[in-house]
There are 2 protein chains.
Amino acid sequence: MRRKQAEPAEFEGQADPALQGPLQQYVGYALRRAQLAVFQDVIATLADVDLRPAQFSVLILVDANPGIVQSHASASLGIQKANFVPLLTELERRGLIDRVAVDGRTNGLFLTRKGRATLKRANALHTVHHARVDAIIGTENREQLIEICLKLAELAR
Amino acid sequence: MRRKQAEPAEFEGQADPALQGPLQQYVGYALRRAQLAVFQDVIATLADVDLRPAQFSVLILVDANPGIVQSHASASLGIQKANFVPLLTELERRGLIDRVAVDGRTNGLFLTRKGRATLKRANALHTVHHARVDAIIGTENREQLIEICLKLAELAR
DNA sequence: TATTGTTATACTCTATAACTATA
DNA sequence: TATAGTTATAGAGTATAACAATA
């Protein structure tokens with residue numbers, strides 16, 4: 001399992017002088033560093049329920065959209081349908097979701113009772129992470145960050 | 001080579017109804033989607049000079065800090081020293097950087113003439129990407145986004 | 001004929017452990 | 001004894017292509 005990212009350079013509480021260059025002004029670089037840090041915190045937070053971010057996102061999506069079909073779910077999450085298969089297979093193996101045949105080629109997704117219980121625990125844990133994020137940047141900044149990120153995601157269309 | 005990410009779900013210009021759930025409020029999820037989209041755009045933009053984002057960041061860092069030693073450079077970029085080795089080896093193989101022994105166990109990093117020329121081309125290409133980002137979110141939002149991301153990166157410490 | 005789910009495969013990124021040569 | 005660079009290896013994540021079964 002992945003545990004931590006590379007230690008950031010330490011300079012007695014100062015910002016790393018090597019990073020005062022143009023890199024600090026690049027959106028992609030800032031996003032990468034922030035995303036890695038946040039994911040690291042989420043991974044550590046959800047370790048108790050043994051859920052990775054991608055697995056957590058599937059449970060959330062299926063909980064909010066019972067019966068959603070695989071192809072729709074994977075497209076919504078921006079995951080290739082081919083990569084979605086082993087993800088679901090593992091969640092099904094653990095008894096957290098069910099694949100229910102809608103017709104001969106389509107599966108609807110549902111949380112099992114155990115899946116709902118696990119998600120409930122995961123949500124409680126995630127609240128702690130969420131509070132940690134808000135403590136660092138504030139609620140207002142969080143909401144603005146998300147708004148900006150959603151606009152940037154349009155670049156992928 | 002990686003070319004594109006999964007197609008986002010399309011709903012005749014509407015937002016994907018399956019994503020109106022709690023996922024939209026999570027910083028980690030928003031950051032991941034935005035980072036993937038921005039990186040995809042950077043990768044496509046820099047394809048002409050055959051540089052991946054990580055390679056580009058190394059050239060920028062070494063250009064701004066000639067002679068920086070490997071361990072410092074990798075820590076500054078948040079890359080494990082073990083993973084930094086093949087990255088540098090490839091850049092050296094392509095004649096873009098030089099590893100110069102400082103003492104028996106330490107390498108200082110320098111751009112070659114070709115490395116500087118390639119970086120110059122890459123920067124010119126990157127300007128186009130940068131303009132695309134600003135066109136979507138605006139300069140002010142970009143600056144605020146970066147500020148917030150840097151604060152979030154503190155989570156990793 | 002197009003779509004859904006699947007298998008196979010490969011590349012990138014990130015991580016750890018252990019080694020060597022040197023300071 | 002600690003550090004810099006390296007090698008080996010493994011696990012995620014993401015990408016493509018091709019296939020069978022079904023609509």
Side-chain angles (χ1 to χ4, degrees), chain A residues 1-10 28-29 32-33 35-37 39-40 42-44 46-47 50-58 68-75 77-90 92 97 99-109 156, chain B residues 1-10 28-29 31-33 35-37 39-40 42-44 46-47 50-58 67-90 92 99-109 156:
Chain A
M1 191 167 90
R2 195 180 301 169
R3 253 157 276 176
K4 57 197 286 282
Q5 75 179 119
E7 292 298 334
E10 269 291 358
Y29 184 77
R32 168 176 167 267
R33 297 300 292 257
Q35 190 254 312
L36 283 174
F39 262 50
Q40 179 184 334
V42 171
I43 291 168
L46 296 184
D50 195 19
L51 288 178
R52 311 258 326 154
Q55 297 171 318
F56 183 46
S57 71
V58 173
I68 190 171
V69 303
Q70 271 189 226
S71 52
H72 183 182
S74 66
L77 294 171
I79 299 173
Q80 301 285 341
K81 62 179 182 168
N83 298 327
F84 203 52
V85 173
L87 216 177
L88 286 183
T89 300
E90 169 65 9
E92 199 173 31
I97 66 157
R99 283 190 257 218
V100 177
V102 173
D103 59 36
R105 70 177 178 186
T106 310
N107 294 331
L109 303 178
Chain B
M1 192 167 88
R2 196 178 300 170
R3 253 157 275 175
K4 57 196 284 283
Q5 75 179 121
E7 291 298 335
E10 269 291 358
Y29 184 78
L31 283 172
R32 169 178 166 265
R33 297 300 291 257
Q35 191 253 312
L36 283 174
F39 263 49
Q40 180 184 334
V42 171
I43 291 168
L46 296 183
D50 194 20
L51 288 178
R52 311 259 323 156
Q55 297 171 318
F56 183 47
S57 70
V58 172
I68 189 172
V69 302
Q70 270 188 227
S71 51
H72 183 183
S74 66
S76 288
L77 294 171
I79 299 172
Q80 302 284 341
K81 62 179 183 168
N83 298 327
F84 203 52
V85 173
L87 215 178
L88 286 183
T89 301
E90 170 66 9
E92 199 173 31
R99 282 191 258 217
V100 177
V102 172
D103 60 37
R105 68 177 180 187
T106 310
N107 293 331
L109 304 178

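Only a predicted model underlies this, so the values are computations on that prediction, with no experimental measurement involved. Just so it is clear: chains get the letters A, B, ... in the order the sequence lines come, proteins before strands, and each one is counted from 1.
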Let me spell it out: for each of A/R32 and A/L88, pick the nucleotide of DNA chain C with the closest heavy atom. Which residue's pick is nearer the 5' end? A/L88

Ignoring hydrogens and angles, answer whether the base of D/dA4 and the side-chain atoms of B/N107 contain a donor-acceptor pair closer than 3.5 Å. no

Could you check how far CZ of B/R52 sits from C1' of C/dC11, rounded to whole Å? 9 Å

Between atom CD in A/Q80 and atom C1' in D/dT16, what is the gap in whole Å? 8 Å

Mind calculating the distance between CD1 (B/I68) and C1' (D/dA4) to the nearest angstrom? 14 Å

Taking only the side-chain nitrogens and oxygens of B/R99, find out if one of them lies under 4.0 Å from OP1 or OP2 of D/dT6. yes

Atom pairs, protein N/O to nucleotides 20-23 of chain C N/O, distance under 3.5 Å:
| unit_1 | atom_1 | unit_2 | atom_2 | d |
| --- | --- | --- | --- | --- |
| C/dT22 | O2 | B/R105 | NH1 | 3.0 |
| C/dA23 | OP1 | B/G104 | N | 2.8 |
| C/dA23 | O4' | B/R105 | NE | 3.4 |
| C/dA23 | O4' | B/R105 | NH1 | 3.4 |
| C/dA23 | O4' | B/R105 | NH2 | 3.4 |

Nearest heavy-atom neighbours spanning B/L77 and A/R32: O-NH1, 3.6 Å

Length of the line joining B/Q40:CD and C/dT12:P, which is rounded to integer Å: 17 Å

Report the distance from atom CD of A/Q35 to atom C1' of D/dT14, rounded to the nearest whole Å. 13 Å

State, to 0.1 Å, how close B/P53 and B/V42 come at their nearest heavy-atom pair, and which atoms those are. CG-CG1, 4.2 Å

Only stems of 3 or more consecutive Watson-Crick or G-U pairs count here, both distances under 3.5 Å; name the ones for DNA chain C, or none. C:1-23 with D:1-23

Please determine if a side-chain N or O atom of B/Q70 lies less than 4.0 Å away from the OP1 or OP2 oxygen of D/dA4. no

Could you check whether any side-chain N or O of B/R52 sits under 3.5 Å from a backbone N or O of B/L46, counting only pairs where one atom can act as donor and the other as acceptor? no

Please state how far atom CG in A/L36 lies from atom C1' in C/dT14, giving the value in whole angstrom units. 9 Å

Nearest to the side chain of A/V85, which nucleotide is it out of C/dT7, C/dT16, C/dA15? C/dT7

Nearest heavy-atom neighbours spanning A/N107 and A/A101: OD1-CA, 3.9 Å

Tell me if a side-chain donor or acceptor on A/E92 pairs with a main-chain N or O of A/R99 at a distance below 3.5 Å. yes

Please assess A/F84 against A/V58 for the test side-chain contact (heavy atoms from CB on, under 4.5 Å), listing each intermediate value before the final yes or no. CA-CA 10 Å; A/F84 203 52; A/V58 173; 3.7 Å; yes

Please report the distance, rounded to the nearest Å, between NZ in A/K81 and P in D/dA17. 12 Å

So which heavy atom on B/V85 is nearest to which on B/Q70, and how close? CG2-NE2, 4.3 Å

Taking CG from B/N83 and C1' from D/dA10, how many angstroms apart are they, rounded to a whole number? 12 Å

Side chain of A/S71, heavy atoms from C-beta onward: which of C/dG5, C/dT14, C/dA8 has the nearest atom to it? C/dG5

Pick from A/L88, A/V69, A/V100: which one makes a side chain to side chain contact (heavy atoms under 4.5 Å, CB included) with A/L109? A/L88

Pairing residues for A/R105 by the salt bridge (charged side-chain N to carboxylate O under 4.0 Å, His left out) criterion, not counting sequence neighbours: none

